[in-house]
Each structure stands twice: as C-alpha cells, then as structure tokens.
Amino acid sequence: MARSGAGTAGITVQPSLFDMFYEEFLAQFMSAADPNEISQEFMKLKTDIERADFIMRLPFVRDFEIKNKAGIKCIEKAVRYREEGNKLFQSEQCTQAILFYNKSISYCPHPSYEQFQQGIEQEQEKVKEVQFADDIKDKNKRVPSKYESLSLSYGNRSAALRKLNQYEDCLRDIARAAKFGYPKANIYKLWERKGKCYEGLKRYDLAAKCYRQALQCVKESNLGEREKASKTGEIQGLLKLLRNTVETSSIAYQEEDEEDQAEPSSSQEASAPERPGRKAQAQKPSPTTPNAQASNHMVKAASQVSISHISTTGSIRPDFEVPELTYGHNPRLPSASIAIDLHFSPERGRYFIATQDLGPGDVILREEPYAAVLESVFRVNHCAHCLRKTPTPIPCYECATVQYCTETCRDLSWLEYHSVECGVLSYLEPSRCLGRLPHLALRIVTKTGLQSLIRHTQTPLPTRDQVDPGLFDPTSYRSVHNLAANTDKRTFEDLLKKTAEAIFMAKCLKFNGFFGNPSSPTPESQRAEIFISSLLLRHLQVAATNGLEMAECILKNNDITKFDIIPVGGAIFPTMSFFNHSCYPNAMRLGYQNHQVVRVIRLIPKGGEVNIDYGFDFYATPLEYRQKRAGMNYHFKCECVACSHKWPVYDRLVDRPPQYRKKLTPELTMEIARQAANYQTAMEYLVRLDINKSIPILAEYLATMSELIVHPDARYLDCEEAYKQCLWLENRGFKVLKDKQVPKGLSNISLEKLKQ
C-alpha cells in the first residue's frame with residue numbers, strides 16, 4: 001500500500017501509481033488557493049530546489065509514502081510460465097518455449113546478492129559435484145531445494161536450447177540448473193544433455209566423461225529397475241556412437257595426414273626444407289583441433305568436468321567491433337577526435353567545428369553513456385545493463401522487472417545502481433502521465449550516488465555559456481549536471497509536472513533506503529530528499545533536451561529494403577550533447593550496444609561546423625513539422641540550410657533533373673558518368689551485403705559529387721542513404737550473399753525503397 005496524508009484516501013499500489021499520485025496532487029495543488037495566484041507564485045521561483053521545496057510543503061505530497069515493492073518474484077507466475085513453456089516444447093516449438101521459460105526464470109525466487117556471492121565462493125572449492133538439498137540419509141523422503149523452481153526452469157530452457165543446437169547457452173543453463181538445486185533423482189538428464197552439447201561442439205573427451213557421469217547418476221536415481229536398464233542402454237548407445245565418431249574422425253585425419261606427407265605443398269617445402277641426414281616426420285595433430293581431441297583424449301581427459309561450473313570469461317565483450325577514432329584522441333575531449341574541437345557563440349551555444357578537412361567515414365567521436373536505460377518493452381530479450389540483445393537472459397536477484405545477459409552484468413548493475421532501483425521501477429510504468437524520461441533522470445542520480453552528488457554540487461561549476469579550457473571528463477557528474485536544461489523556456493504545466501515526477505521518484509528512493517532508514521527519518525534525510533528531488537527535476541529537463549536514443553539495426557531476410565533502426569533505450573552522452581542539429585547533417589550517430597559513434601557522411605572543410613540530426617531530416621519531414629518539433633522539444637528555431645532555403649522533401653526531388661555548379665565539359669561529363677557507373681556497382685555490392693567493397697566506392701561518389709552537384713539532389717541523397725546503411729551494417733557479422741541468395745527485385749534501389 002501507499003499512504004497519503006490526513007484527509008486523503010489511501011492509494012493502492014499498482015503499476016499506474018504515479019497517475020493516481022499526480023491526479024490527487026493536481027487536485028490539491030489547484031484547490032489550495034487561487035489557481036492563477038499559485039501558478040504565478042510557482043513560476044517566480046528561481047531554482048529547482050525552491051520548486052521542489054514549494055511542492056513538498058503540500059500536505060498530500062509531504063505525507064505520501066510507498067510501502068510495498070512492485071514487480072517482485074512470484075512462484076505462482078513462475079510455475080504457470082514454465083508449464084506453458086513445457087507445452088510448447090512438447091510440440092517442438094522450442095523458440096517460443098524459451099520465451100516462456102525466460103518469463104518463468106524472471107519470476108522464480110532467487111538468492112539475494114549476498115547469498116549468491118557466498119554460494120559462488122563455496123562453489124569454487126568444488127570440482128565435480130554440488131550439494132543438493134535432497135541429498136539426505138532418508139532417500140524415500142525428498143526435501144525440495146528452496147530454489148528448485150528456478151533450477152527446473154533453467155533445466156527446461158537448457159533442453160530447448162539443446163534442441164536448437166545452441167550448445168554454449170545450453171551448457172550455461174545446465175550449470176545454473178545444478179547450482180540452484182536440480183532434483184538429484186533427475187540429475188542424470190543434465191549430465192546426458194551436457195554430453196550431447198560437448199559432442200555437438202566436437203569436444204569428444206568431455207562428452208564421454210559426461211555420458212559416464214550420467215550412467216553413474218542413473219544408478220543413484222529413483223527410477224525403477226526397468227527404467228534404469230532402459231536409460232542405461234540408451235546412454236551406452238550414445239557412448240558407442242561417440243566411439244564410432246571418434247574412430248571415423250581419427251581414420252579420416254590419418255589419411256589426410258598421409259596424403260600431406262606424400263605430397264607436401266609448396267609453402268611447406270619452402271618454409272621447412274628437409275635437412276641432410278634427417279628423416280621426415282609425420283606432423284602431429286594440433287591439440288587444439290577436434291580431430292586431435294578425438295584421437296588423443298577419448299578415454300583420458302585431462303580436464304575436470306563440473307556440472308555446475310559457469311564460465312564467465314569475456315562475458316561482457318561486445319558482439320561487434322566498435323570503430324576507433326580517426327586521427328587520434330583530442331587531449332581536452334577524450335571521447336572526441338583531434339580533428340574536431342569545441343567552440344561557443346551566443347547564437348549557437350557550444351558546438352563542434354572541424355580542425356581539419358574531414359571526409360566520409362571519418363570517426364570523430366566514440367563515447368560510452370554516463371547513464372543509459374532500456375525501454376521496458378525490450379527487457380524480455382535485452383540486457384538491462386549493457387543493452388546487449390540477449391535471447392536467454394538471467395534474472396535480477398529480487399525483482400522480475402529487469403534481466404541481464406550474464407552474471408557479470410547483473411552484479412555490476414546491482415553494485416552501481418539497481419539495488420536502489422529494485423522493486424520501484426514498475427511504479428514508473430505503465431503510465432498515462434509519465435513519459436520516457438523519468439527512468440533516465442533516476443539512473444543519473446542512482447548511478448552517481450548520494451554522497452557523490454553532494455560532493456559535486458558543493459564545488460562551483462562553470463556555466464553552460466562557457467567552454468572550460470581544462471579537461472572535459474565525460475565520466476564525471478559535473479559533465480552531466482552542466483548540460484542545458486532550458487528551464488527559462490518551459491511552461492508552467494511542464495515545470496509543474498516534472499516537479500511532481502521528481503518528487504515521486506525521490507519517494508521511491510526513500511522507500512529503498514537511499515536517504516537512510518525510511519522508518520526513522522531525520523532532519524538531514526528530509527533535507528536530502530528535497531535536494532535529490534531538485535536534482536531529479538534538473539535531470540528531467542536535461543534529459544528532455546540532451547537525451548539520445550540508443551538504437552540497433554535490423555535486417556530482415558538479408559534484404560536491404562527491410563533495413564530498420566530500432567530505438568531500444570535512452571542515454572546521456574555528455575560530449576555528444578554538444579553537437580548541434582541540422583535537418584541536413586554532415587555526420588551521423590551509430591549505435592554499438594553500450595557505445596555511440598559519430599561518423600562523417602559528407603565533406604566538411606576545416607573550420608566548418610559538424611552537426612547531426614535530432615531525429616528529423618528535411619527529405620522525410622515537412623518544414624512546418626520540423627520547426628514545430630525543434631521549438632517544442634529542443635527550444636530553438638532551426639535555421640539550417642534546408643530550413644532557411646525551404647528545401648522540398650525527397651518525393652518532390654525525384655523527378656527534378658540534376659543541376660551542376662560547374663559548366664559541363666567533356667571531361668566533367670565523363671567523370672559524372674564514371675561516378676554513376678561506380679554507384680551502380682556499389683549498390684550491387686550492397687544488396688549482396690559485401691559492405692567492405694561498397695563503402696569506399698560510395699564514399700568516393702559522395703566526396704566527388706558533393707563538389708559538382710547543386711543540393712538538394714535526389715541521386716546524391718540515394719547514395720548518401722546507401723552509405724549510411726553501409727556504416728550501420730559494417731562489421732556486424734553479416735555474410736556476403738551468393739547470387740541465388742540475393743532477394744529478388746533489388747536491381748534499382750533508390751532512397752524511396754531504402755526508407756520504406
């Protein structure tokens with residue numbers, strides 16, 4: 001329950017609690033005095049701490065408290081989701097079954113962070129076995145593990161993963177199932193499944209070891225004698241098949257080795273000539289190859305096998321390579337290239353200019369966010385910490401709201417911020433009144449911590465109308481606190497709502513002990529609550545102006561006309577916030593999980609401003625809408641080249657013939673024709689996803705034609721859009737398509753098709 005002040009009915013806690021809080025707050029706020037008078041009084045306040053203190057004095061707001069957590073574990077939901085997953089698994093719908101097992105795992109009771117860490121330390125001392133809760137003297141009486149539901153859900157998900165040949169994920173889930181007390185009567189299933197995974201990975205030595213362990217566990221199971229005999233015969237059959245596979249692999253390898261000895265390659269002859277008086281020796285198989293393992297380690301495996309060991313090596317490495325900065329780091333701006341620098345003017349504020357000529361593809365900024373949050377709809381298959389796409393997530397220790405890709409990310413999240421967000425995030429969603437910004441503002445505060453916030457705000461900060469000549473540290477709270485909030489341009493309604501949001505989030509933090517023991521408030525904790533409310537209010541305003549989307553690209557069926565960019569979250573990037581907007585930008589943002597990169601897409605001369613778009617461009621968005629969005633969301637009037645010259649949208653440019661800045665001489669005409677032919681070649685590479693061949697051709701076209709054509713030009717925009725797609729698709733694991741794999745109808749690609 002949530003409790004309100006005297007004279008106010010109690011409010012039942014539910015996901016839309018803020019809506020009820022806000023409606024009651026508005027009713028009392030507007031009935032306390034003359035509405036116009038109180039509105040004017042509120043707008044006269046100069047600072048965020050004055051606004052927070054003003055609202056906190058209302059009896060309803062002052063006495064409002066949150067009493068229960070939301071989005072917590074629920075064994076009934078866990079069992080229900082697991083049973084639904086079982087039905088799908090039995091009907092061979094393994095992919096769909098995994099989605100239900102994921103939900104079941106998120107709702108299963110779980111050890112606390114402290115209990116789990118103690119368990120990990122104990123686990124490291126064990127080699128083969130784990131202690132199961134039902135391993136007792138009286139074998140007829142089974143005592144289920146406290147976390148058996150969690151172990152069963154992990155075990156069932158591992159079965160579905162094995163069916164889909166996702167062996168590495170399956171092995172991790174097998175270990176987790178054992179760790180949380182999988183029933184000993186069925187532990188042979190995990191050993192057998194683990195053996196099949198190792199066999200699929202061609203780790204035949206470990207597969208044999210797991211099958212033998214499964215045979216031993218069958219003897220110790222509660223199966224009837226007939227069932228034991230049947231299962232024993234089945235596993236022995238797997239061992240026999242494994243031996244045949246090993247022998248076949250060994251014979252095949254020996255035959256290949258003999259052929260290599262009889263007919264050595266020219267490279268071998270050149271690199272290792274036979275010395276006089278020395279006999280040629282057969283090259284021994286490398287111990288790292290599957291065939292070597294097959295021939296040498298079928299019977300004697302040097303490595304020990306544990307049913308509950310989870311490998312965490314390299315667990316938070318990115319799925320793809322993040323491009324490095326071109327030309328090296330800027331010594332004053334660590335996230336930026338030396339090729340750009342920060343300037344200030346009263347009209348533009350702080351903005352980036354090129355310190356040298358820049359060309360298409362140059363990487364001019366590479367930054368991790370100060371704070372990032374995942375959209376709630378993507379929590380089912382993305383890590384809440386690194387934002388990595390995660391088909392088989394693991395749960396939070398205490399709530400069912402967020403999930404993670406690995407134990408490493410979960411622990412980092414818990415230690416950095418989630419311990420004070422756990423159990424209250426569900427109060428921020430779903431909501432009719434709350435937007436997408438509160439969680440980001442909350443994350444800035446929780447990640448920084450109360451003591452750090454106090455320490456930072458006690459030191460003087462440079463105004464945002466200055467360019468600090470010293471080092472700009474994007475990992476420091478100062479870099480976030482000093483971003484533009486545009487408070488003076490906000491309406492009464494906007495400021496009042498954001499103040500209510502800030503106070504509500506501070507109440508959530510109070511409930512989770514952010515200010516100390518919530519049941520024993522002190523004058524210091526009450527002042528801290530107002531102080532944090534004011535910072536939350538500031539960061540709600542900062543996020544509205546400077547928050548950026550975290551996005552990932554998708555490509556359906558390897559068809560570039562089905563390419564899309566999906567926003568999966570929001571973040572604050574202190575350095576990136578200095579880029580100004582243009583409806584025809586010369587640079588673009590690219591998302592790489594928990595990184596953002598800015599790359600040049602058009603020639604930028606030395607001294608020219610470098611800009612990006614804020615989510616709207618001229619060729620897809622009418623002028624009136626762009627101006628309205630710039631004014632309402634970002635509080636400025638856009639005067640970029642596209643707006644000041646009233647450029648038409650793309651659809652009105654398609655039939656317009658190209659215009660050139662220079663007189664068309666025969667040589668120039670031939671160059672234009674050559675570039676047009678090269679562009680078609682680049683598009684052929686693009687539809688085959690041969691990105692590395694397409695990028696340099698498109699970059700040359702953009703660099704050459706930018707100096708020749710009069711902008712805007714539909715053909716130039718086609719090339720620019722194709723180049724942007726290439727930058728998104730580069731180094732993301734897409735394989736080059738063969739002719740028969742290329743989707744039909746992709747011979748003539750234009751911007752219109754690419755934007756569909």
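Hydrogens, waters and symmetry mates play no part in the numbers below; they use all other heavy atoms, side chains included.
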Next on the checklist: Run F378 and E375 through side chain to side chain contact (heavy atoms under 4.5 Å, CB included) and show every step you take.
Outcome noted: CA-CA 6 Å; F378 291 101; E375 290 278 3; 3.7 Å; yes
Checklist outcome for this item: Of all heavy-atom pairs linking A177 and S151, the shortest is O-CB, 3.2 Å
Next on the checklist: Please evaluate residues Q213 and Y211 with respect to the criterion side chain to side chain contact (heavy atoms under 4.5 Å, CB included), reporting the C-alpha separation (whole Å), side-chain torsions for both, the decisive distance (0.1 Å), and the verdict.
Outcome noted: CA-CA 5 Å; Q213 188 68 39; Y211 288 147; over 6 Å; no
Item to check | Worked check of side chain to side chain contact (heavy atoms under 4.5 Å, CB included) between N381 and T390 | outcome: CA-CA 5 Å; N381 62 351; T390 309; 6.0 Å; no
Checklist entry - Any donor and acceptor pair, going by atom type alone, linking the side chain of R366 with main-chain N or O of P323 inside 3.5 Å? => result yes
Next on the checklist: With heavy-atom distances below 4.5 Å as the criterion, would you say the side chains of I560 and L689 are in contact?
Outcome noted: yes
Checklist outcome for this item: Tightest non-hydrogen contact, residues G71 and T401, listed as O-OG1, 3.6 Å
Checklist entry - Tell me, do E421 and L442 make a side-chain contact under 4.5 Å, heavy atoms counted? => result yes
Next on the checklist: Restricting to non-hydrogen atoms, name the atom on Y154 and the atom on D173 that form the minimum distance, rounded to 0.1 Å.
Outcome noted: CD2-OD1, 3.5 Å
Checklist entry - Are E84 and K87 ion-paired here, with the side-chain N under 4.0 Å from a carboxylate O? => result yes
Next on the checklist: For K163, I'd like to know if atom NZ has over 12 heavy atoms of other residues, nucleotides or ligands within 6.0 Å.
Outcome noted: no
Next on the checklist: Tell me if a side-chain donor or acceptor on N512 pairs with a main-chain N or O of C422 at a distance below 3.5 Å.
Outcome noted: yes
Item to check | Closest non-hydrogen atom pair between P109 and I75, with its separation | outcome: CD-CD1, 3.8 Å
Checklist entry - What do the steps show when you test R162 against C197 for side chain to side chain contact (heavy atoms under 4.5 Å, CB included), and what is the final call? => result CA-CA 7 Å; R162 212 282 302 172; C197 286; 3.7 Å; yes
Item to check | Flag side-chain contact, heavy atom, 4.5 Å: L425 against R379 | outcome: yes
Checklist entry - Got a second to check how far T232's OG1 is from Y188's OH, nearest 0.5 Å? => result 10.0 Å
Item to check | Nearest-0.5 Å distance that lies between atom SG in C210 and atom CG in L215 | outcome: 11.5 Å
Item to check | P111 and F180, any side-chain heavy atoms less than 4.5 Å apart | outcome: yes
Checklist outcome for this item: When K196, K194, K189 are each screened for salt bridge (charged side-chain N to carboxylate O under 4.0 Å, His left out) with E192, the one that passes is K196
Next on the checklist: Would S413 and Y404 count as a side chain to side chain donor-acceptor pair (under 3.5 Å) here? Give the steps.
Outcome noted: CA-CA 9 Å; S413 169; Y404 302 94; 2.8 Å; yes
Checklist entry - Has R157 got its NZ or CZ under 6.0 Å from the middle of the six-membered ring of F89, at an angle within 45 degrees of the ring axis? => result no
Item to check | NZ/NE/NH1/NH2 to OD/OE distance under 4.0 Å, K179 and E407 | outcome: no
Next on the checklist: Consider side chain to side chain contact (heavy atoms under 4.5 Å, CB included). Of S153, C74, S104, which one does Y81 pass it with?
Outcome noted: S104
Checklist entry - Could you state the interatomic distance from CG (L238) to CD (E199), rounded to the nearest 0.5 Å? => result 7.0 Å
Item to check | Chi angles and distances behind the side chain to side chain donor-acceptor pair (under 3.5 Å) call for R388, T406 | outcome: CA-CA 10 Å; R388 180 182 187 178; T406 61; over 6 Å; no
Checklist entry - Side chains of C399 and K69: closer than 4.5 Å at any heavy-atom pair? => result no
Checklist outcome for this item: In this structure, CD1 of I444 is separated from CG of L440 (nearest 0.5 Å) by 5.0 Å
Checklist outcome for this item: For A208 and L242 the tightest heavy-atom approach is N-CD2, 3.6 Å
Checklist entry - In Å, rounded to the nearest 0.5 Å, how long is the span from CG of L164 to CG of D169? => result 10.0 Å
Item to check | Nearest heavy-atom neighbours spanning A185 and N222 | outcome: CB-ND2, 3.7 Å
Checklist entry - Taking the side chain as C-beta and beyond, is there a heavy-atom pair between K562 and L555 under 4.5 Å? => result no
Checklist entry - Can you find a heavy atom in the side chain of Y182 that is under 4.5 Å from one in the side chain of L190? => result yes
Next on the checklist: Side chains of L412 and W414, heavy atoms from C-beta outward: is any pair under 4.5 Å?
Outcome noted: no
Item to check | side chain to side chain donor-acceptor pair (under 3.5 Å) evaluation trace for Y101 with N86 | outcome: CA-CA 8 Å; Y101 291 143; N86 292 344; 2.7 Å; yes
Checklist entry - So, the side chain of K228 versus the backbone of K219: is there a donor-acceptor pair under 3.5 Å, distance only? => result yes
Checklist entry - With a distance cut-off below 6.0 Å to the six-membered ring centre and an angular limit of 45° from the axis, does R443 pair with Y417 as a cation-pi contact? => result yes
Checklist entry - Are side-chain N/O atoms of E220 and Q216 paired as donor and acceptor at under 3.5 Å? => result yes
Checklist entry - So, do H418 and Y397 have ring centers that fall under 6.0 Å from each other? => result no
Checklist entry - Are R410 and F116 in a cation-pi setup, meaning NZ or CZ lies under 6.0 angstrom from the ring centre and within 45 degrees of the ring axis? => result yes
Checklist entry - Any sub-3.5 Å donor-acceptor pair from N557's side-chain atoms to D559's backbone N or O? => result no
Checklist outcome for this item: Exactly one candidate in N594, L387, L548 meets side chain to side chain contact (heavy atoms under 4.5 Å, CB included) with P369; the answer is N594
Item to check | Donor-acceptor side-chain pairing of N165 and Y167 below 3.5 angstrom | outcome: yes
Checklist entry - Checking K556 side chain against F563 main chain: does a donor-acceptor pair fall under 3.5 Å? => result no
Checklist entry - Any chance the side chains of H382 and E552 put a donor and an acceptor closer than 3.5 Å? => result yes
Checklist outcome for this item: Here the gap from S149 atom OG to E76 atom CD, rounded to the nearest 0.5 Å, amounts to 10.0 Å
